[in-house]
There are 2 protein chains.
Amino acid sequence: MNVTDSERRRNNILEAIVEAYLETASPVGSELVSRKMRKQLSSATIRNVMGELEEAGLVEQPHTSAGRVPTDRGYRLYVDQLLEAVELSAEELQQMLASVHPNELELKQLFQRVGEVLAEQSHQATVILEPTVKHSRVKQIELLPVGVRKLLCVLVGQETLVVSHVIEVEQPISREEALSLAHFLTSELTGLPIQELLTSLEGRLSEVDASLADLARRSLAILQTVLATEPEERLLLEGTLYLVEQPEFRKNPNKTHQLLRQLELRQALMAKMREELGSPRTCVRIGREINIEGLEACSYILAPFGVRQAVLGGIGVLGPKRMDYRRTRALVEGAADLLSDVLTQWELNG
Amino acid sequence: MNVTDSERRRNNILEAIVEAYLETASPVGSELVSRKMRKQLSSATIRNVMGELEEAGLVEQPHTSAGRVPTDRGYRLYVDQLLEAVELSAEELQQMLASVHPNELELKQLFQRVGEVLAEQSHQATVILEPTVKHSRVKQIELLPVGVRKLLCVLVGQETLVVSHVIEVEQPISREEALSLAHFLTSELTGLPIQELLTSLEGRLSEVDASLADLARRSLAILQTVLATEPEERLLLEGTLYLVEQPEFRKNPNKTHQLLRQLELRQALMAKMREELGSPRTCVRIGREINIEGLEACSYILAPFGVRQAVLGGIGVLGPKRMDYRRTRALVEGAADLLSDVLTQWELNG
DNA sequence: ATTAGCACTCTGAATAACAGAGTGCTAACA
DNA sequence: TGTTAGCACTCTGTTATTCAGAGTGCTAAT
């Protein structure tokens with residue numbers, strides 16, 4: 001038996017172990033694997049190979065004389081090398097599509113609905129990294145007085161993402177004044193990356209006519225407030241309940257609490273995921289790879305969505321390490337495609 | 001010993017039982033109560049009275065020969081008759097105030113911050129029923145094109161609550177057209193209750209000049225979409241984690257899941273709470289009184305906030321029945337007052 | 001009316017016994 | 001040399017048993 005053959009066999013057995021474990025959630029023994037492989041090999045042989053797998057750090061035993069459980073590295077190999085891509089079933093696709101009524105939907109509600117459906121289909125938690133206007137470029141800026149000293153500020157990005165905030169200004173401001181400030185801002189800043197607006201505007205302050213100096217100063221103050229009000233990033237979470245109900249958490253309140261704490265804080269998870277979106281591919285992170293305390297027992301699958309080349313946000317599923325990677329990945333990618341389509345449509349209409 | 005005396009004694013003992021139970025979370029025995037009352041009465045006497053209390057349905061035993069636990073009716077009597085009002089300590093008030101930076105704050109963020117602080121102070125979950133523009137009257141309506149067929153619709157209520165939504169319209173619309181539609185809507189509808197806008201506008205359609213009929217029709221369509229997009233009501237939730245970590249849930253995953261399910265659905269809780277806000281007083285609901293499956297082990301304290309006479313929303317704490325009602329009530333009312341103040345200020349500036 | 005004393009009850013923790021599942025090793029086999 | 005049957009061994013999770021502790025209700029004394 002040559003090297004490749006023996007390697008292939010090891011992989012088959014690892015695959016069987018992983019898949020059995022995904023189903024049963026309890027350590028899998030040699031007998032079960034043997035049956036799963038239609039007795040091509042006896043349980044004794046399987047045991048030998050399992051020893052090798054353990055040696056290689058791909059599986060482990062919770063204790064002597066228990067079955068094997070895949071390690072993070074085991075899952076990793078399974079995902080990278082043993083998992084062929086599958087398409088979403090027609091029915092699942094249908095379900096997903098049914099969740100969208102694009103014409104009467106606020107973008108945020110769209111995300112929420114798709115998130116809910118994805119959570120329900122996968123029976124796991126959904127995370128959505130919302131597109132934020134801060135990663136976009138200025139297309140339009142509007143200012144509307146909605147009270148003596150209150151100003152509604154609207155910032156439209158190039159993908160027609162819109163945010164609006166009500167802020168308080170020091171001086172009462174008239175409709176006309178507001179209009180001219182907005183005009184000034186729009187004409188000065190169109191096309192610039194929103195994250196760098198403040199520095200851009202400050203740079204221009206010096207070049208500007210003396211007659212406009214006051215205008216510029218006031219605009220700057222307003223913009224500053226708006227950008228401070230708008231959060232850097234937003235993470236939507238749906239279906240945490242599914243996650244908590246998984247057997248790995250049912251019995252272990254401490255684990256559950258740690259998990260919930262992380263989900264409530266969000267910060268760490270958000271940063272991590274934004275980072276992942278740097279690459280425009282679906283990514284899978286398993287257990288410790290996530291490198292967040294409290295999520296050791298979890299994996300996530302995250303896919304970016306956007307318009308044309310630009311990645312605007314990401315949608316993913318957070319579940320127990322013991323998740324159905326094949327199906328979940330298909331679901332996540334389906335959802336991401338759906339969102340990309342809607343956003344593209346949205347932009348065309350904008 | 002006359003009737004009043006014996007009644008007073010019973011109440012004292014009930015109070016001692018409740019307070020001991022709040023501290024220890026385990027059934028309280030006669031000996032402990034006797035000690036709590038500085039041995040004014042022996043444990044044997046306490047036992048007799050406890051028998052009466054049980055007879056009266058105010059306390060119960062988890063099993064023969066365990067201590068007593070207050071029933072819902074026991075808590076109710078305790079809250080209604082034995083609980084004097086207390087003020088917030090200076091320090092707590094300070095903490096609360098520190099959570100607010102009113103000048104640079106979006107209203108929603110304000111609620112969130114106050115909610116977080118309240119959750120942290122009380123070590124329980126906070127619920128906030130957000131003010132919704134739907135319960136207000138029209139002050140101003142604005143329409144701004146933010147794309148060929150996209151319209152930003154701004155609805156300002158009398159308390160200067162603002163909502164804005166982006167909707168898609170069938171026909172491309174110019175800035176001037178949008179302006180005139182908005183003008184038309186504002187002039188027609190100012191002062192009307194927003195919830196009844198559609199009927200009002202429909203009523204007026206008939207009275208309007210033929211020359212304006214098209215204007216009116218288009219406005220109506222837009223308004224319809226906006227009102228459909230804006231949700232009836234919103235419930236903010238903070239600090240569920242605190243709640244889940246309480247001893248009554250720690251050991252009981254099923255209870256925990258039921259609880260989390262209710263909190264995820266929100267619907268039932270929201271309806272119930274909106275109902276409570278009919279009366280402009282702080283309200284306390286205990287266990288079964290809430291009448292929502294999954295919240296039997298919880299109580300909530302809810303206080304309305306608003307501007308002048310008008311109740312705009314409510315803030316409350318949801319915790320285990322075994323909560324410190326005295327302190328929690330003070331905290332909740334403190335938070336509600338704080339919000340009322342900020343909103344009043346907000347309105348004055350608007 | 002109150003209380004000391006006591007027999008009784010129930011829980012929760014600790015311990016032991018045990019079936020079940022799975023392993024690693026050895027020796028036989030193809 | 002790779003595979004397999006067989007077996008002794010190990011570890012877990014469950015069930016049964018015991019036992020101390022806490023608390024009660026009742027009775028009789030104060």
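In what follows, every chain begins at residue 1, and chains take the letters A, B, ... in the order their sequences are listed. Here the structure is a predicted model, which is why all the values come from computation and not from measurement.
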Distance in angstrom units between [X] [atom1] and [N] [atom2], rounded:
X        : N      : atom1 : atom2 : value
A/Gln61  : D/dC11 : CD    : C1'   : 10 Å
A/Asn48  : C/dG24 : CG    : P     : 9 Å
A/Glu52  : C/dC25 : CD    : P     : 13 Å
A/Arg10  : D/dT3  : CZ    : P     : 14 Å
A/Ile46  : C/dT23 : CD1   : C1'   : 14 Å
A/Met50  : C/dA21 : CE    : C1'   : 12 Å
B/Leu53  : D/dT24 : CG    : P     : 12 Å
A/Lys251 : D/dT12 : NZ    : C1'   : 13 Å

B/Arg68 side-chain N/O to D/dT24 phosphate OP1/OP2 under 4.0 Å:
yes
Check whether any side-chain nitrogen or oxygen of A/Arg47 sits under 4.0 Å from OP1 or OP2 of C/dA21, and answer yes or no.
no
Touch class at under 4.0 angstrom, heavy-atom based, for A/Ala44 against every strand present
base
Mind checking if A/Thr64 touches a base, just sugar-phosphate, or nothing, with heavy atoms under 4.0 Å?
sugar-phosphate
What are the residues of residues 12-41 of chain B, sorted by number, that bring a heavy atom to within less than 4.0 Å of DNA chain C?
B/Leu41
Could you tell me if the side chain of A/Gln124 sits less than 4.5 Å from the side chain of A/Pro320, heavy atoms only?
yes
Give a yes or no on whether A/Glu116 atom CD has more than 12 heavy-atom contacts from other residues, nucleotides or ligands under 6.0 Å away.
yes
Other residues, nucleotides, ligands: >12 heavy atoms within 6.0 Å of B/Glu120 CD:
no
Between B/Tyr75 and B/Tyr21, what is the ring plane arrangement, given parallel below 30°, perpendicular above 60°, and tilted in between?
tilted
Could you walk me through whether B/Lys36 and B/Glu19 pass the side chain to side chain contact (heavy atoms under 4.5 Å, CB included) test, one step at a time?
CA-CA 10 Å; B/Lys36 262 222 153 197; B/Glu19 290 182 350; 4.0 Å; yes
Given [options], the nucleotide with the shortest approach to the side chain of [X]:
X       : options              : value
B/Ser65 : D/dG25, C/dT9, C/dT3 : C/dT9
A/His63 : D/dG6, C/dT2, D/dC11 : D/dC11
A/Thr45 : C/dT2, D/dT24, D/dT3 : D/dT3

Consider only side-chain N and O atoms of B/Glu333 and B/Thr282, and report whether a donor and an acceptor are under 3.5 Å apart.
yes
Residues at least two apart in sequence or cross-chain that pass side-chain contact (heavy atoms from CB on, under 4.5 Å) with A/Gln262, listed by chain then number, are A/Ala268, A/Ile292, A/Leu295
